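Bear in mind the structure is a predicted one, so any value in this text is a computation, not a measurement. Only this structure's heavy atoms are used, side chains among them; waters, hydrogens and symmetry mates stay out.
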Amino acid sequence: MSDNRDNLETMRHSLAHIMATAIQKFWPQSKFGVGPATEDGFYYDVNLDKTTISEDDFEKLEAEMHKIIAADQPFERIEKPIDEAIAWAQDNKQIYKEELLNDLKRSGTTVAKDLNREELGTISQGDSKVESVSLYRNGDFTDLCRGPHVESTGKVGAFKLIRVAGAYWRGDAAKAQMQRVYGVGFESDKELRQYLVKLEEAKQRDHRRLGKELGLFVFSDMVGSGLPMFTPRGTILREEFTRFSNDLRERYGFKKVWTPHITKKELYETSGHWSKFGDELFLVKSQETHDQLVLKPMNCPHHTRIYAAEPRSYRDLPIRYLESTTVYRDEKTGELGGLNRVRSISMDDSHVFAREDQIEAEINNLLAAANEFYSVINMGLRVRLSYRDDSDGYLGDKKLWESAQKQLKNAVETNKLEFNEETGEAAFYGPKIDFMATDAIGREHQLATVQLDFVQPERFGLEYVAEDGSKSRPVMIHCALMGSIERFLSVYIEHSAGRFPVWVAPEQIRLLSVNQESKTLDFAEKMLEQAKKLGLRVRADNTNESVGKKIRAAELMKIPYVIVIGEKEIASHEVIPRIRKDMAVHEEDKPVGIEQFLKTVSNEAKTRVHKTSMHG
RNA sequence: GCCGGCGUAGCUCAGUGGCCAGAGCAGCUGUUUUGUAAACAGCGGGUCGUGGGUUCGACUCCCUCCGCCGGCUCCA
């Protein structure tokens with residue numbers, strides 16, 4: 001198994017090398033950076049000085065690569081003492097390779113720290129002193145590379161270049177910007193085709209596309225980038241999910257609070273956010289006072305003010321607040337995209353103020369809530385526990401950290417969640433649990449986190465009176481089930497491909513009249529009223545169009561139930577629901593009484609089920 | 001913010017340094033009275049993202065800005 005993966009990686013690595021060979025041929029002045037294998041392919045970073053590679057060049061690049069592959073040139077591995085390799089890099093004006101080699105010579109490792117984990121590749125030799133490095137030659141092209149490579153260029157399977165993008169040298173925004181040419185590579189054409197099909201599937205599910213097709217949200221140039229507006233249909237989605245999250249948390253003892261959207265900046269100076277994230281805050285100027293106000297980028301400091309508004313006893317704790325509200329962050333424009341990254345961020349935010357000995361029980365609570373939430377929306381959940389390491393970069397008492405980390409882990413185990421632990425990944429103010437939700441096509445998304453905070457209670461001087469009358473400091477726990485509702489929706493829309501279950505479907509039932517006769521329209525109208533009385537979201541399509549066309553329109557909107565109304569229904573008082581395919585359970589085309597049908601649907605909405613069963 | 005690509009009707013997309021810029025769908029009007037994924041006909045609709053420049057002439061070439069897309073960096 002792992003052999004296979006190693007082979008695949010070697011192959012992709014070799015493909016990167018072959019691509020470099022082709023690039024070098026067309027742009028002899030190319031200066032190469034790193035060219036590793038990725039999850040499904042490879043890339044190479046390259047700097048072409050004054051010119052650039054564009055996707056229009058892919059055809060000739062691919063043709064050249066195919067030529068090299070057909071020639072089946074052997075890959076020759078050349079071991080060189082590191083100084084000779086540096087001389088080679090200098091002779092060939094490979095300034096980036098030279099930099100890497102110098103680092104390698106100095107410290108024994110390189111790149112590793114600067115690049116994302118899976119992107120390490122070119123030459124991390126591991127530890128200790130590096131005496132020599134490897135170069136690989138095929139034909140008359142030589143490249144510095146850790147390898148390994150396949151034996152010869154003929155043994156690389158199927159590939160396709162997919163895009164070209166920008167990337168900073170060594171991931172540092174202060175350094176040169178290079179071009180990163182991405183390709184995908186697989187052992188066979190078949191796998192490559194499957195991959196491309198999967199890409200296409202992901203494209204079909206893209207929430208931006210579905211948001212438009214299903215009429216869920218819009219953007220306007222006049223309003224601004226990263227500021228989505230939700231249509232009536234989209235707002236139903238937001239509100240149903242928010243209500244679910246709120247209900248769930250209220251059941252677990254949270255109380256709703258409300259805080260204003262602007263505040264004096266002193267609040268964030270005290271919390272410490274101003275110095276750290278000040279440039280991401282939107283400023284608001286008062287014309288009446290000299291106050292420097294800001295739009296809130298988070299709710300926790302506000303919530304500490306509610307906590308601190310009266311003296312608290314150990315008997316009062318834990319105190320749990322929830323607020324589903326919108327915060328504003330001035331994200332860099334280049335980072336915005338769809339609903340995934342926005343500047344108006346609606347959070348289902350909550351904060352617990354707890355005693356140290358209550359942490360585990362509270363985390364338990366929150367994990368149970370998260371478990372329930374994600375099981376209802378049918379997404380797999382896995383968690384990552386992030387702990388501190390031994391460095392000094394963390395605030396708060398070390399004993400408190402250790403106790404808290406242990407309690408986190410206990411709670412995760414109690415809730416039988418699949419988890420992994422990462423040391424050194426905690427925030428400076430406390431350990432945390434990140435939730436990774438898996439969507440219908442296998443992608444993982446980080447949505448919610450549970451985050452312990454030892455710092456804000458300190459900075460805000462939060463206290464409670466302990467049993468012995470002394471003052472003690474509570475810990476804060478930040479938690480959101482969805483995280484950002486916008487990001488959550490972007491994930492959920494793609495997860496469900498827009499086929500929303502009844503409880504969130506903006507339109508649950510559509511009635512189609514077969515003709516325009518008043519008998520038919522009246523009957524539809526009566527059923528419509530009946531459904532509305534049950535709180536169902538229903539619409540009648542009485543337009544003067546063919547039934548086929550109206551069905552098609554309803555299908556495209558992915559409406560769960562479509563009811564055709566004509567002579568038969570009027571006579572029998574029974575309908576044959578057309579059930580959206582993903583919900584149907586082998587009892588299609590059976591007539592059901594109108595009363596029973598509506599009751600069933602209303603029940604499905606209340607119980608938030610996915611599948612439908614009209615008959616018992 | 002940085003690198004690259006892009007911006008033509010509500011949507012998806014054609015189009016050429018030069019007469020009045022096109023199609024399908026959607027919309028509107030009429031005909032049709034329709035039975036489970038597209039009836040037929042007609043009509044309306046675009047200062048070709050924005051501001052400037054080059055040119056006898058620009059939707060087409062160049063620059064600014066706005067926005068979108070793919071990455072990078074970032075993500076309390």
Toward the 5' end of RNA chain B, by each residue's nearest nucleotide, A:Lys550 or A:Gln451: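 By nearest-heavy-atom nucleotide position, the 5'-most residue is A:Lys550.
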
Quick test of your reading of the model: are A:Arg208 and A:Asp206 salt-bridged, counting only N-O distances below 4.0 Å?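 Looking at A:Asp206 together with A:Arg208, the answer is yes, because their closest N to O distance falls below 4.0 Å.
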
Counting any heavy atom closer than 4.0 Å, what does [X] reach on the DNA or RNA strands: base, sugar-phosphate only, or nothing?
| X | result |
| --- | --- |
| A:Arg578 | base |
| A:Gly334 | base |
| A:Val514 | base |
| A:Ala165 | base |
| A:Gly338 | sugar-phosphate |
| A:Arg487 | base |
| A:Arg208 | sugar-phosphate |
| A:Tyr429 | sugar-phosphate |

Restricting to side-chain contact (heavy atoms from CB on, under 4.5 Å), what partner residues turn up for [X], sequence neighbours left out?
| X | answer |
| --- | --- |
| A:Ser275 | none |
| A:Ser245 | A:Arg249, A:Asp348, A:Phe373, A:Leu481, A:Met482 |
| A:Ala404 | A:Ile359, A:Pro431, A:Leu452, A:Phe454 |
| A:Thr270 | A:Phe460 |

Under 4.0 Å: is that the gap between some side-chain N or O of A:Lys212 and OP1 or OP2 of B:G10?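 Answer is no, no contact under 4.0 Å.
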
If you define the side chain from C-beta out and look only at heavy atoms, does anything of A:Tyr182 sit under 4.5 Å from A:Leu161?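 No, every pair of side-chain atoms sits at 4.5 Å or beyond.
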
Is there any protein nitrogen or oxygen under 3.5 Å from a nitrogen or oxygen in nucleotides 44-47 of chain B, and what are the pairs?
none

How far, in whole Å, is B:G15 from B:G7 if one measures between their P atoms?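 That atom pair is separated by 11 Å.
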
Nearest-angstrom distance, C1' atom, B:U8 to B:U47: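 Going atom to atom, C1' in each nucleotide, I get 13 Å.
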
Whole angstrom value for the distance that separates C1' of B:C75 from CZ of A:Phe428: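 Atom CZ in A:Phe428 sits about 14 Å away from atom C1' in B:C75.
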
Rounded distance in Å - CD (A:Gln177) to C1' (B:C74):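 Those two atoms, CD and C1', are 14 Å apart.
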
Just to verify, which of A:Arg580, A:Arg578, A:Lys550 counts as forming a salt bridge (charged side-chain N to carboxylate O under 4.0 Å, His left out) with A:Glu555?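 For A:Glu555, the salt bridge (charged side-chain N to carboxylate O under 4.0 Å, His left out) test succeeds with only one of A:Arg580, A:Arg578, A:Lys550, which is A:Arg578.
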
Residues of residues 560-572 of chain A with any non-hydrogen atom less than 4.0 angstrom from an atom of RNA chain B: list those, numerically ordered, please.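 Only A:Val564, A:Gly566, A:Glu567, A:Lys568, A:Glu569 qualify.
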
Using the salt bridge (charged side-chain N to carboxylate O under 4.0 Å, His left out) criterion, which residues pair with A:Arg499? Sequence neighbours excluded.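 Listed in chain order: nothing, the list is empty.
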
Taking only residues two or more places apart in sequence, or in another chain, which ones meet A:Arg205 in a salt bridge (charged side-chain N to carboxylate O under 4.0 Å, His left out)?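 Expected list: A:Glu201.
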
Grab the N/O contacts between the protein and nucleotides 61-67 of chain B below 3.5 Å, and write none if there aren't any.
{"from": "B:G67", "atom 1": "O2'", "to": "A:Asp221", "atom 2": "OD1", "distance (Å)": "3.3"}

Distance to the ring centre below 6.0 angstrom and angle to the axis at most 45 degrees; does that hold for A:Lys60 and A:Phe26?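 Verdict for A:Phe26: a cation-pi partner in A:Lys60.
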
Do A:Arg12 and A:Phe42 form a cation-pi contact, if we require the NZ or CZ to be under 6.0 Å from the six-membered ring centre and within 45 degrees of the ring's axis?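 No, cation not above the ring by the 6.0 Å, 45° rule.
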
For RNA chain B, which ranges pair as stems of 3 or more consecutive Watson-Crick or G-U pairs, with both donor-acceptor distances under 3.5 Å?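 Stem list for RNA chain B: B:1-7 with B:66-72, B:10-13 with B:22-25, B:27-31 with B:39-43, B:51-53 with B:61-63.
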
Can you find a donor-acceptor N/O pair under 3.5 angstrom joining the side chain of A:Arg341 to the base of B:C74?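 Yes, the side chain and the base share a sub-3.5 Å donor-acceptor pair.
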
Check this for me: does the side-chain of A:Tyr43 come within 3.5 Å of the base of B:G71 through a donor and an acceptor?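 Side chain to base: no pair below 3.5 Å.
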
Quick check on the 6.0 Å ring-centre criterion: do A:His302 and A:Tyr307 meet it?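 No: the rings miss the under 6.0 Å criterion.
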
Aromatic contact, A:Phe353 with A:Tyr321 (centres under 6.0 Å):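 Yes, they do, as the ring centres are separated by less than 6.0 Å.
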
Tell me which pairs pass salt bridge (Lys or Arg N to Asp or Glu O under 4.0 Å) where either residue lies in residues 444-461 of chain A, with sequence neighbours left out.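 Of all non-adjacent pairs touching residues 444-461 of chain A, those that pass salt bridge (Lys or Arg N to Asp or Glu O under 4.0 Å) are A:Arg382-A:Glu444, A:Glu458-A:Arg473.
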
What's touching nucleotides 26-29 of chain B from the protein side, N or O pairs under 3.5 Å?
{"from": "B:A26", "atom 1": "OP1", "to": "A:Lys549", "atom 2": "NZ", "distance (Å)": "3.1"}

